[in-house]
Novice: 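After the structure tokens below, expect a handful of questions from me.
Just so it is clear: chains get the letters A, B, ... in the order the sequence lines come, proteins before strands, and each one is counted from 1.
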Number of protein chains: 2
Amino acid sequence: MESTAPQSPAGLRTTPSWLLNQTAAHATRLLSEGFAAHDLRGYHYRLLAALAEDGPASQADLGRRCGIDRSDVVAAINDLAGRGLVVRAPDPADRRRNVISLTAAGADEAHRMGDTIGRVQDELLAPLSTAERDQLTRLLTRLLQHHARR
Amino acid sequence: MESTAPQSPAGLRTTPSWLLNQTAAHATRLLSEGFAAHDLRGYHYRLLAALAEDGPASQADLGRRCGIDRSDVVAAINDLAGRGLVVRAPDPADRRRNVISLTAAGADEAHRMGDTIGRVQDELLAPLSTAERDQLTRLLTRLLQHHARR
DNA sequence: GCTCCAACGTTGGTGAATCCAACGTTTCGA
DNA sequence: TCGAAACGTTGGATTCACCAACGTTGGAGC
């Protein structure tokens with residue numbers, strides 16, 4: 001009952017959902033530190049990365065790509081636009097939509113952020129070999145695909 | 001630029017941290033549904049499970065075991081105590097501490113919750129074979145151990 | 001053409017999970 | 001004995017995730 005041994009193996013800490021959540025929590029913490037260096041948050045990075053990878057898109061499309069709710073996309077895009085990293089322009093072909101595009105500064109920031117994130121991956125996966133990292137990636141990808149139906 | 005294909009493969013969605021976070025998000029959602037059936041939340045379950053597995057403990061110890069901040073343990077234990085699932089008693093050997101113990105009702109609830117969580121694991125890992133589930137568990141466990149130094 | 005429904009952007013709000021600072025009390029080591 | 005450390009507690013902050021509602025716009029069916 002003393003505080004000396006926090007590493008007693010038990011059932012809770014062997015459930016996949018516990019492992020996933022705790023590992024994800026560590027990942028989130030590492031990512032947050034990386035984000036802080038750019039004065040951005042997770043939503044900002046996801047949106048910038050999606051724009052850098054797949055090009056301009058409507059807000060609703062961005063939300064679907066990034067797994068972010070439409071209403072949260074609004075606020076995040078407001079931030080990014082306010083900092084000159086993206087531009088919000090009405091879609092002439094569909095007046096319901098806004099077309100969000102990266103500015104040059106936004107593309108730069110996305111690139112720099114990508115470097116930061118890459119270093120975080122290395123730190124996160126430090127104890128795993130290259131083959132193990134691939135294995136983990138494959139397993140998680142399959143889980144994600146299976147649950148992607150929403 | 002249309003909304004028909006949300007499954008375009010791209011870099012963001014192949015980073016381990018993205019996969020971990022998204023998978024964890026699905027796990028959290030599935031768990032939340034399970035918790036809701038018991039009218040509990042994640043913190044409650046973690047504390048009950050830790051008590052059921054390792055026996056009574058001080059609040060600070062529980063926090064370390066479960067990865068929950070001391071101040072959040074207070075509120076969660078308040079809830080659990082208010083519902084008669086745990087008892088909070090001063091530690092006669094150390095008057096700074098409270099000893100938290102499961103009641104009979106709390107042990108029952110922990111057991112039932114364990115069943116629910118077990119079903120959630122199955123749903124979460126549905127696409128994986130037994131060997132793959134073990135593999136995932138091992139990889140995540142190693143990651144967690146590596147980052148456990150705080 | 002007109003009607004109805006769907007999609008869009010937006011506002012506002014809710015909740016869970018995480019974390020931090022500070023405080024008074026109690027314990028323990030130097 | 002004295003100061004540092006641990007404990008429980010209060011209060012607050014942030015991030016992520018989700019939902020309901022509204023007015024506007026587009027499209028499909030009649």
Novice: Please check the phosphate of D/dG8 (OP1 and OP2 only) for any side-chain N or O of B/Asn78 closer than 4.0 Å.
Specialist: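 Result: no.
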Novice: Give a yes or no on whether the backbone of A/Leu124 and the side-chain of B/His147 come within a donor-acceptor separation of less than 3.5 Å.
Specialist: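 Checked: pair present.
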Novice: Expressed as a whole number of angstroms, how long is the span from B/Asn98:CG to D/dA6:P?
Specialist: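 Going from CG in B/Asn98 over to P in D/dA6 covers 18 Å.
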Novice: Rounded to the Å, how far apart are A/Ile68 CD1 and D/dT15 P?
Specialist: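 In whole Å, D/dT15 P lies 14 Å from A/Ile68 CD1.
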Novice: Would a distance-only check, ignoring hydrogens and angles, find a side-chain to backbone donor-acceptor pair under 3.5 Å from B/Arg133 to B/Leu128?
Specialist: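 Flag set: sc B/Arg133 to bb B/Leu128 pair under 3.5 Å.
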Novice: What is the separation between atom CD on A/Gln59 and atom C1' on D/dT24, rounded to the nearest whole Å?
Specialist: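 The answer, rounded to whole Å, is 14 Å.
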Novice: Counting N and O atoms only, with roles assigned by atom type, does the side chain of A/Asp61 sit under 3.5 Å from a partner on the main chain of A/Ala57, one being a donor and the other an acceptor?
Specialist: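 A pair under 3.5 Å: no.
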Novice: What I want to check is whether an N or O donor and acceptor connect the side chain of B/Ser58 with the base of D/dC7 at under 3.5 Å.
Specialist: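 Result: no qualifying N/O pair found.
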Novice: At under 4.0 Å between heavy atoms, what does A/Gly42 touch on the DNA or RNA strands: base, sugar-phosphate, or nothing?
Specialist: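 The answer is sugar-phosphate, as A/Gly42 gets under 4.0 Å only of primed atoms, P, OP1 or OP2.
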Novice: If you pin B/Arg95 and B/Ser32 to their nearest nucleotides in DNA chain C, which one's is more 5'?
Specialist: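 By nearest-heavy-atom nucleotide position, the 5'-most residue is B/Ser32.
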Novice: Please check if any side-chain donor atom of A/Asp91 sits under 3.5 Å from a side-chain acceptor atom of A/Ser58, or the reverse.
Specialist: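 The criterion, which ignores hydrogens and geometry beyond distance, is not satisfied for A/Ser58 and A/Asp91.
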Novice: Do any N or O atoms from the side chain of A/Arg88 and from the backbone of A/Ala81 form a donor-acceptor pair under 3.5 angstrom?
Specialist: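 Checked: no pair found.
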Novice: What I want to check is whether an N or O donor and acceptor connect the side chain of A/Thr28 with the base of D/dC16 at under 3.5 Å.
Specialist: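 Not at all, since no donor on one side and acceptor on the other fall under 3.5 Å apart.
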Novice: Between B/His26 (NE2) and D/dC16 (P), how many Å, whole number?
Specialist: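 Answer to the nearest Å: 17 Å.
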Novice: Is A/Arg41 close enough to D/dC16 that one of its side-chain N or O atoms is under 4.0 Å from OP1 or OP2 there?
Specialist: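 Affirmative; the distance criterion is met.
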Novice: Ignoring the backbone of A/Tyr43, work out which of D/dA17, C/dC8, C/dA17 is nearest its side chain.
Specialist: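 So the side chain of A/Tyr43 is nearest to D/dA17.
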Novice: Could you state the atom-to-atom distance from CZ of A/Arg97 to P of C/dG9 in whole Å?
Specialist: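 For the pair A/Arg97 CZ and C/dG9 P, the rounded distance is 7 Å.
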Novice: Is there a donor-acceptor contact under 3.5 Å from the side chain of A/Thr116 to the main chain of A/Gly34?
Specialist: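 No; judged by distance alone, with no hydrogens or angles, the pair does not exist.
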Novice: Name the closest nucleotide to the A/Arg96 side chain, picking from D/dT25, C/dG9, D/dG8.
Specialist: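 Looking only at heavy atoms from C-beta outward on A/Arg96, the closest nucleotide is D/dT25.
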Novice: Ignoring backbone atoms, establish whether B/Arg64 has a side-chain N or O less than 4.0 Å from OP1 or OP2 of D/dA6.
Specialist: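 Looking at the OP1 and OP2 atoms of D/dA6, neither is under 4.0 Å from any side-chain N or O of B/Arg64.
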Novice: What's the CG-P distance between B/Leu40 and C/dA16, to the nearest Å?
Specialist: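 Interatomic distance, CG of B/Leu40 to P of C/dA16: 11 Å.
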Novice: Please compare B/Asp94 and A/Pro92 by the position of their nearest nucleotide in DNA chain D and report the one closer to 5'.
Specialist: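 Going by which nucleotide is closer to the 5' end, it is B/Asp94.
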Novice: Round to the nearest Å and state the distance from A/His44 atom NE2 to D/dA17 atom P.
Specialist: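 Between P of D/dA17 and NE2 of A/His44: 13 Å.
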Novice: If you assign each of B/Asp91 and A/Arg88 to its closest nucleotide in DNA chain C, which residue comes earlier from the 5' end?
Specialist: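 Its nearest nucleotide lies further toward 5', so the answer is A/Arg88.
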Novice: I'd like to know if B/Asp72 reaches the base of C/dC19 with its side chain, counting only an N/O donor and acceptor under 3.5 Å.
Specialist: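 Pair found.
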Novice: Side chain of A/Ser71: nearest nucleotide among D/dT9, C/dT27, C/dT10?
Specialist: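 Output: C/dT10.
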Novice: With a 3.5 Å cut-off and just heavy-atom distances, do the side chain of B/Arg70 and the base of D/dG8 make a donor-acceptor pair?
Specialist: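 For B/Arg70, whose side chain was compared with the base of D/dG8, there is a donor-acceptor pair (under 3.5 Å).
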Novice: Nearest whole Å is fine: how far is C/dC19 P from A/Leu30 CG?
Specialist: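 Computing the A/Leu30:CG to C/dC19:P distance gives 11 Å.
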Novice: By nearest heavy atom, map B/Asn21 and A/Ala93 onto DNA chain D; which one lands nearer the 5' end?
Specialist: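 Nearest nucleotide further toward 5': that of B/Asn21.
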